[in-house]
2 protein chains.
Amino acid sequence: MNALIPIKPATLHDVAREAGVSLITASRALSNPGLVSDKTIERVKQAVEVTGYIPNLLAGGLKSKRSLLVAALVPALSVSQFLPTVQALNESLAEAGYQLILGQTGYDSAREEAMLNTMISRRPDGIVITGLVQSPAGRERLQRAGIPVVETWDFSDRPVDMLVGFSLLKVGGAVAGYFLGKGWHKVGVATGGDHRALMRRDGFVATIGRDVPTAIVPAPSSLELGRRALSELLQKEPALRAVCCSSDQLAHGVLIEAQARGLRVPEDLAICGFGNADFSAHTVPSISTVHVDGPEIGRLAARMIVDRCRGEAVAKPVVDIGFRIVERGSTAA
Amino acid sequence: MNALIPIKPATLHDVAREAGVSLITASRALSNPGLVSDKTIERVKQAVEVTGYIPNLLAGGLKSKRSLLVAALVPALSVSQFLPTVQALNESLAEAGYQLILGQTGYDSAREEAMLNTMISRRPDGIVITGLVQSPAGRERLQRAGIPVVETWDFSDRPVDMLVGFSLLKVGGAVAGYFLGKGWHKVGVATGGDHRALMRRDGFVATIGRDVPTAIVPAPSSLELGRRALSELLQKEPALRAVCCSSDQLAHGVLIEAQARGLRVPEDLAICGFGNADFSAHTVPSISTVHVDGPEIGRLAARMIVDRCRGEAVAKPVVDIGFRIVERGSTAA
DNA sequence: CTGTTAGCGCATTCAA
DNA sequence: TTGAATGCGCTAACAG
């Protein structure tokens with residue numbers, strides 16, 4: 001019963017014959033109904049039912065130069081921070097009739113470049129990238145391909161094309177300023193080793209004004225690595241007063257490790273995460289964090305690409321979506 | 001500087017002219033080098049560099065009937081349980097030269113059907129579905145499309161085509177048996193409302209042998225909903241001894257709510273999750289759970305599709321990948 | 001409103 | 001080992 005039935009799929013040609021109209025009329029009835037009489041549309045629709053026709057977008061895209069495909073490049077799907085963005089992107093695009101094609105670039109720029117080529121070979125109508133395009137070669141190839149590009153989750157005055165993001169340096173600086181405002185000086189950083197996390201660390205260190213104890217953990221960051229990171233930091237600085245983490249997963253691990261060591265949070269040790277994960281408001285104590293509107297990034301990126309594809313001007317091709325510190329129990333001294 | 005440079009992308013035709021060979025020789029040099037002399041290959045490769053040629057897979061796929069595209073349908077990307085599967089699927093497929101195209105079906109079967117059509121219109125070389133195809137119409141359309149299909153994360157003796165999964169009923173039954181073996185009789189269930197979670201609940205209830213207090217939470221499940229679910233269960237059954245949760249996120253919420261209420265885990269209340277999330281081994285106490293090898297599901301599904309596309313027979317088209325209960329602190333009485 | 005013509009860019013025939 | 005012709009399924013551009 002599992003044998004694949006090798007019925008040749010119906011083509012638009014079959015539909016047209018069944019409906020007694022020409023090929024192009026059938027085409028229009030389906031994709032441009034305004035140009036066709038209601039009666040004809042009805043007949044074509046019936047013919048579609050009868051034949052079981054499903055359009056072939058490869059063929060349509062080849063001719064029309066619109067693949068209705070958008071490529072999303074993420075470092076790794078396991079980085080849950082980007083998931084809400086990808087999800088919102090997917091939904092917004094689906095509403096406009098586009099599909100999302102997914103590529104994992106890893107954290108290595110050679111692979112990113114290869115992935116760019118792979119994606120361009122699908123002739124997508126848009127490309128959404130997490131972070132900035134690293135390699136100059138990649139930048140040039142994208143520009144020459146003439147495909148709308150949206151860089152996200154970072155900021156640059158000179159994007160390849162369009163951008164929705166925020167300044168990583170400012171995020172780090174803001175958390176540092178918040179810590180200093182609380183009078184915490186013995187501070188540390190628990191961070192992933194990827195480029196964007198390290199940029200936030202740089203922003204943090206710059207505002208603190210001197211080097212700080214840092215524990216760098218490999219991607220993907222996790223609760224477990226957060227526990228280890230705190231152990232490492234406490235060795236470097238036993239009197240540690242506050243920790244800035246590059247994700248809420250890490251922050252959660254730091255919280256649990258602190259509690260396991262009998263440290264009170266936030267009285268003995270304050271903790272701030274990044275990303276405002278769904279669990280962060282509901283731990284005990286709840287985790288202070290930096291909130292970024294991930295879904296909005298996805299929605300805006302989708303809008304930009306769809307507008308561009310429709311030939312409309314994109315109102316704001318570079319958007320700083322900002323961020324905000326969410327103060328919760330883990331720093332509410 | 002952001003203007004899109006409207007250079008017409010180089011085609012294989014341009015490459016062939018640049019290399020001084022015919023179109024088809026250029027084509028073979030790139031996709032079937034065995035048939036072409038080394039010297040020619042070299043010249044074609046140089047021509048590719050010079051022209052900046054990037055293949056057009058829409059055109060190639062149209063002619064060759066191989067799109068090198070695989071569609072993955074998930075209920076929602078936010079359901080983190082499936083993420084490792086999608087990630088492994090993506091990686092395995094990428095190694096074989098395939099790209100993944102993502103579709104969210106939601107939890108509604110009308111949308112699933114629409115999404116199936118959308119995906120089929122891309123003429124993917126394979127379709128991987130989370131769960132079983134619900135609608136008979138969808139089943140039929142898939143069979144007629146002649147596209148290899150892998151259903152996952154569930155079990156059936158009569159899959160549409162191929163399957164990698166496990167029995168949801170058995171999972172529920174196994175957890176119930178484990179609870180009974182511990183002598184816990186005042187048990188409850190905290191579960192998501194989706195089909196697969198409810199199947200596990202059914203398996204649990206069947207083995208317990210009588211109805212049990214149940215809190216059903218909307219998708220996606222989260223720590224927060226876990227906290228609420230325990231509150232609800234304790235109202236229904238103040239003497240609750242153990243809770244079976246449909247995800248580790250829920251279990252984590254139940255754990256935190258229990259601790260916030262001064263209940264000792266596992267002495268007063270035992271908790272079991274599902275999915276073996278990355279954090280579950282590292283909470284205090286750690287969370288007992290049901291482990292399913294999600295990445296392996298993705299790898300096997302990829303293998304099945306790739307084998308099928310190569311015309312090789314798929315050794316085992318229906319795989320029960322099983323599961324195992326991981327006993328940790330939250331039930332280690 | 002409907003139809004005819006002419007390709008999109010490439011790979012699968014064939015033949016040399 | 002190379003090439004010429006042909007068409008995959010569809011739609012843009014122009015006619016009627």
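Reminder, nothing fancy here: chain letters follow the sequence lines and each chain counts from 1.
With a heavy-atom cut-off of 4.0 Å to chain B, the contacted part of DNA chain D has its first and last nucleotide at D:dT1 to D:dG9.
Residues meeting the ring-ring contact (aromatic ring centres under 6.0 Å, His included) test with B:F155, sequence neighbours left out: none. Residues satisfying the side chain to side chain donor-acceptor pair (under 3.5 Å) test with A:N56, not counting sequence neighbours, are none. For A:S67, the side chain to side chain contact (heavy atoms under 4.5 Å, CB included) partners are A:L69, A:D125, B:L58, not counting sequence neighbours.
For the residue pair A:C309 and A:Y98, the shortest heavy atom distance occurs at CB-OH, 3.4 Å.
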Open item on the list: Does the protein touch nucleotides 8-16 of chain C at the base, only the backbone, or not at all? Give it as B, S and - per nucleotide, heavy atoms under 4.0 Å.
Closed with: BBBBB----

Task: Test side-chain hydrogen bond (donor to acceptor under 3.5 Å, both in side chains) applied to A:T118 and A:S121, step by step - done: CA-CA 5 Å; A:T118 307; A:S121 68; 5.8 Å; no

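The shortest side-chain heavy-atom distance between B:R310 and B:V306 falls under the 4.5 Å cut-off.
Phosphate proximity of C:dT2 to A:S37: present, with a side-chain N or O under 4.0 Å from OP1 or OP2.
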Residues 126-135 of chain A side chain polar contacts: donor-acceptor under 3.5 Å, at least two apart:
residue, atom, partner, partner atom, Å
A:T130, OG1, A:L73, O, 3.0
A:Q134, NE2, A:L132, O, 3.2
A:S135, OG, A:G138, N, 3.0

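Heavy-atom contacts from other residues, nucleotides or ligands closer than 6.0 Å to CZ of A:R299 number more than 12.
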